[in-house]
There are 2 protein chains.
Amino acid sequence: MTVTIKDVAKMAGVSISTVSRVINNSKPVSSDIRDRVLKVIKETGYVPNPVARSLVMKKSQIIGVIVPDISNLLIGELLNGIEEIGRMYDYDILLCNTYGEIEEELKYINLLKSKSVAGIVFVTGKIDEKTVNAIEEGNVPAVYIGKNAKDFDIYSVSIDHEKASYEMTKYLIEKGNKKIAFFRASIEDNIEDSERYKGYKKALEDSNIELDKSIVLQGDETSDSGYMLAKDLIEKENIPEAVFASSDEVAIGAMNAFIDNSIKVPEEVKIAGYDDIKIASMVRPSLTTIKTPIYDIGAVSARMIIKMINKEQLDSKHIILPYTLMNRQSTN
Amino acid sequence: MTVTIKDVAKMAGVSISTVSRVINNSKPVSSDIRDRVLKVIKETGYVPNPVARSLVMKKSQIIGVIVPDISNLLIGELLNGIEEIGRMYDYDILLCNTYGEIEEELKYINLLKSKSVAGIVFVTGKIDEKTVNAIEEGNVPAVYIGKNAKDFDIYSVSIDHEKASYEMTKYLIEKGNKKIAFFRASIEDNIEDSERYKGYKKALEDSNIELDKSIVLQGDETSDSGYMLAKDLIEKENIPEAVFASSDEVAIGAMNAFIDNSIKVPEEVKIAGYDDIKIASMVRPSLTTIKTPIYDIGAVSARMIIKMINKEQLDSKHIILPYTLMNRQSTN
DNA sequence: GTGAAAGCGCTAACAT
DNA sequence: ATGTTAGCGCTTTCAC
């Protein structure tokens with residue numbers, strides 16, 4: 001049988017409250033008794049039962065992480081960041097996969113609340129008012145990672161996608177490209193709402209390049225989608241000087257379409273992606289892209305949650321992390 | 001305040017035991033009372049507290065998953081498999097990242113036991129006797145995913161790496177290659193213990209090709225490592241007809257080294273990888289590789305655990321899943 | 001078929 | 001400084 005606080009108390013010849021006091025350092029205990037208890041704990045290998053503890057404290061040492069897709073390449077990095085900070089403060093991760101469905105999100109929010117998690121990191125494509133309400137009424141520390149976080153009065157961490165996108169487009173323009181296609185890796189909502197698209201558009205405007213809607217294309221976030229989009233352009237003989245895709249996978253798909261059709265990258269067409277997933281530097285030509293600090297986003301989120309748990313002061317509700325333009329072969 | 005079983009009981013005018021009986025279907029309850037209780041539950045939105053339940057049942061609806069590296073591309077897929085089966089039976093995932101360190105593994109095993117998890121999926125490079133002992137004495141259903149699972153009397157799921165490796169090597173030989181390099185993505189233990197190496201070696205033997213140790217190289221699992229290994233061969237002017245790497249990333253690294261040195265793939269050197277990570281089909285030339293059914297490994301593991309929990313019969317302790325040789329551009 | 005009561009392992013008043 | 005006790009929310013004997 002596993003040893004309980006009762007066993008320890010009996011063996012040390014003290015009451016269970018005393019044992020509780022030494023394991024939690026919650027109240028002074030005379031040093032000889034403390035030593036005796038500690039000795040018994042060591043001998044028996046006693047570990048406080050976290051479930052019982054959670055029940056009375058109404059808090060567990062668990063951070064719930066809600067994500068739309070575990071198998072996504074970026075999510076692993078994000079989890080890594082959360083985990084690494086979490087472990088420093090002794091928090092474990094309960095992972096919830098929603099497939100981006102709002103009902104699943106709601107379901108998991110309630111589940112996490114019923115499990116008395118210490119905090120929630122909520123990752124989603126688009127943050128919905130319903131989910132925000134569900135989380136906020138739970139009175140659980142939460143950090144949101146999602147496009148439209150600043151539309152709500154919530155804690156979030158993100159990067160300035162519009163600015164990053166603007167910078168990449170400007171960079172492409174400065175390289176002498178005028179006909180720059182934009183491949184958007186999402187068909188969900190209106191492209192006009194997309195930060196990345198806004199940045200692209202603004203950069204063109206600022207350089208007096210007219211927006212050419214025939215090369216602004218939408219697909220999903222797969223490389224296949226990027227491939228199809230580029231192939232379409234090739235078939236229509238509407239080949240741009242450069243393609244800026246709002247996701248690396250799409251960019252690589254597009255790159256492959258050109259390569260497969262004997263159109264040289266970067267000689268005949270430049271390609272730029274977004275996110276700097278591992279693959280970006282592994283393909284040839286290697287992909288110019290915006291490096292989003294996804295590990296850091298996870299780490300900062302976890303850090304924020306822990307600060308909230310400990311009632312420490314937070315500097316700001318919305319944290320914006322810096323990005324980096326990774327200049328590689330595909331645009332040079 | 002959140003509503004408890006007590007509240008429901010009071011509102012329905014019954015005892016808490018009756019409420020417990022209806023929510024668990026554990027004992028017959030007259031239908032009118034049952035309806036009354038159900039009605040109150042619906043009205044109040046009552047959800048049984050899983051923590052309290054775990055405490056008394058000494059079991060939670062959680063499957064602990066211990067992995068060496070969350071950010072690894074394959075792990076995401078594996079988690080996906082576990083999650084998808086888990087959710088069907090209402091199990092959640094507690095994720096533990098060990099960095100491959102055995103102390104961490106041990107720590108998490110104990111943590112999971114103290115949390116009364118329903119089962120453990122244990123993923124590791126090499127399974128150690130200590131970890132096996134720690135898990136088995138916990139009397140928790142567990143499934144192991146690791147190279148040397150069959151050295152122990154434990155439940156495991158894997159694929160026949162030796163056979164897969166043999167087949168790939170044979171395939172390369174049949175394509176007319178004799179000088180086939182082997183890049184091993186691990187420096188940890190003796191290469192002679194490696195299943196993949198054994199398969200490679202055996203295939204050469206069976207084709208009367210002498211093993212050339214000068215092209216059997218070890219590095220780590222990164223593409224950089226593959227790059228260095230290949231570069232080394234190039235500099236020594238010891239270029240093989242084909243390279244078989246025991247990991248896709250290493251294979252791609254090697255491929256890049258050849259490409260960067262104007263050695264054409266597959267015209268001048270063929271490349272084959274292992275695992276079929278997402279990138280494998282995205283690079284150009286696309287990579288011939290062994291597709292390991294990593295999602296299925298996760299799904300089957302979860303299914304086994306659930307069968308064990310439910311005391312269902314299991315066909316066999318070691319489950320071997322089929323692989324597929326993905327024939328792509330890099331060898332044709 | 002239903003309720004009362006004990007107890008899971010722990011924390012936190014409340015006494016002393 | 002230490003012990004006694006109530007209680008967290010639930011399941012499960014044990015009576016009736």
Side-chain angles (χ1 to χ4, degrees), chain A residues 1-38 40-41 44-62 90 110-118 139, chain B residues 1-38 40-41 44-62 90 110-118 139:
Chain A
M1 269 313 292
T2 85
V3 22
T4 72
I5 196 172
K6 228 173 175 172
D7 303 323
V8 175
K10 196 177 294 171
M11 292 176 72
V14 297
S15 75
I16 59 168
S17 5
T18 301
V19 178
S20 175
R21 278 163 199 142
V22 351
I23 57 186
N24 295 306
N25 262 308
S26 47
K27 289 227 167 154
V29 174
S30 69
S31 61
D32 49 335
I33 291 200
R34 148 170 271 108
D35 289 348
R36 214 159 71 215
V37 172
L38 253 20
V40 173
I41 289 178
T44 55
Y46 164 71
V47 179
N49 182 325
V51 179
R53 191 175 258 175
S54 294
L55 182 58
V56 25
M57 308 267 284
K58 295 182 182 310
K59 272 290 152 272
S60 68
Q61 287 290 340
I62 293 180
D90 241 33
N110 288 323
L111 179 88
L112 292 179
K113 287 196 287 193
S114 74
K115 284 199 193 282
S116 304
V117 296
N139 203 18
Chain B
M1 269 312 293
T2 84
V3 22
T4 73
I5 195 172
K6 227 173 174 172
D7 304 323
V8 175
K10 195 177 295 171
M11 292 177 71
V14 298
S15 74
I16 60 169
S17 358
T18 300
V19 177
S20 174
R21 278 164 198 140
V22 350
I23 59 186
N24 295 306
N25 261 309
S26 47
K27 289 227 167 153
V29 173
S30 68
S31 61
D32 49 336
I33 291 201
R34 146 170 273 107
D35 290 348
R36 213 160 71 216
V37 172
L38 252 19
V40 174
I41 289 179
T44 56
Y46 166 70
V47 179
N49 181 324
V51 180
R53 191 176 258 175
S54 293
L55 182 60
V56 22
M57 308 266 284
K58 294 181 182 311
K59 272 291 152 271
S60 67
Q61 289 289 347
I62 294 180
D90 241 32
N110 289 323
L111 179 87
L112 293 179
K113 288 196 288 194
S114 74
K115 284 199 193 282
S116 303
V117 296
N139 203 20

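The chains referred to below are lettered A, B, ... by the order of the sequence lines, with proteins before strands, and numbering in each begins at 1.
- Counting non-hydrogen atoms under 4.0 angstrom, Val51(A) reaches nothing in the nucleic acid.
- Neither OP1 nor OP2 of dC8(D) sits under 4.0 Å from any side-chain N or O of Ser54(A).
- The CG-P distance, from Leu55(A) to dA6(D), rounds to 18 Å in whole Å.
- Residues Ser17(A) and Ser20(A) have side chains that never bring a donor and an acceptor to within less than 3.5 angstrom of each other.
- Among the candidates Val22(B), Val40(B), Val37(B), Val8(B), the single residue satisfying the side-chain contact (heavy atoms from CB on, under 4.5 Å) test with Val14(B) is Val37(B).
- The CZ atom of Arg21(A) sits 10.0 Å away from the CD1 atom of Ile16(A) when rounded to the nearest 0.5 Å.
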inquiry  = Can you build the contact string for nucleotides 10-16 of chain D? Use B for base contact, S for sugar-phosphate-only contact, and - for no protein heavy atom under 4.0 Å.
reply    = BBBB---
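- Enclosure of atom CG in Asp32(A) by more than 12 non-hydrogen atoms of other residues, nucleotides or ligands within 6.0 angstrom is indicated.
- At a threshold of 4.5 Å between non-hydrogen side-chain atoms, the residues Val19(B) and Lys10(B) do not count as touching.
- Here the straight-line distance linking atom OG of Ser114(A) with atom CZ of Arg53(B) works out to 10.0 Å at 0.5 Å rounding.
- Among the candidates Ile5(B), Thr2(B), Asp7(B), the single residue satisfying the side-chain contact (heavy atoms from CB on, under 4.5 Å) test with Tyr46(B) is Ile5(B).
- In summary, contact between chain B and DNA chain C, defined as any nucleotide atom under 4.0 Å from a heavy atom of the protein, begins and ends at dG1(C) to dG9(C) in the 5' to 3' direction.
- When each of Thr44(A), Asn49(A), Val47(A) is checked for a side-chain contact (heavy atoms from CB on, under 4.5 Å) with Val3(A), only Thr44(A) meets the rule.
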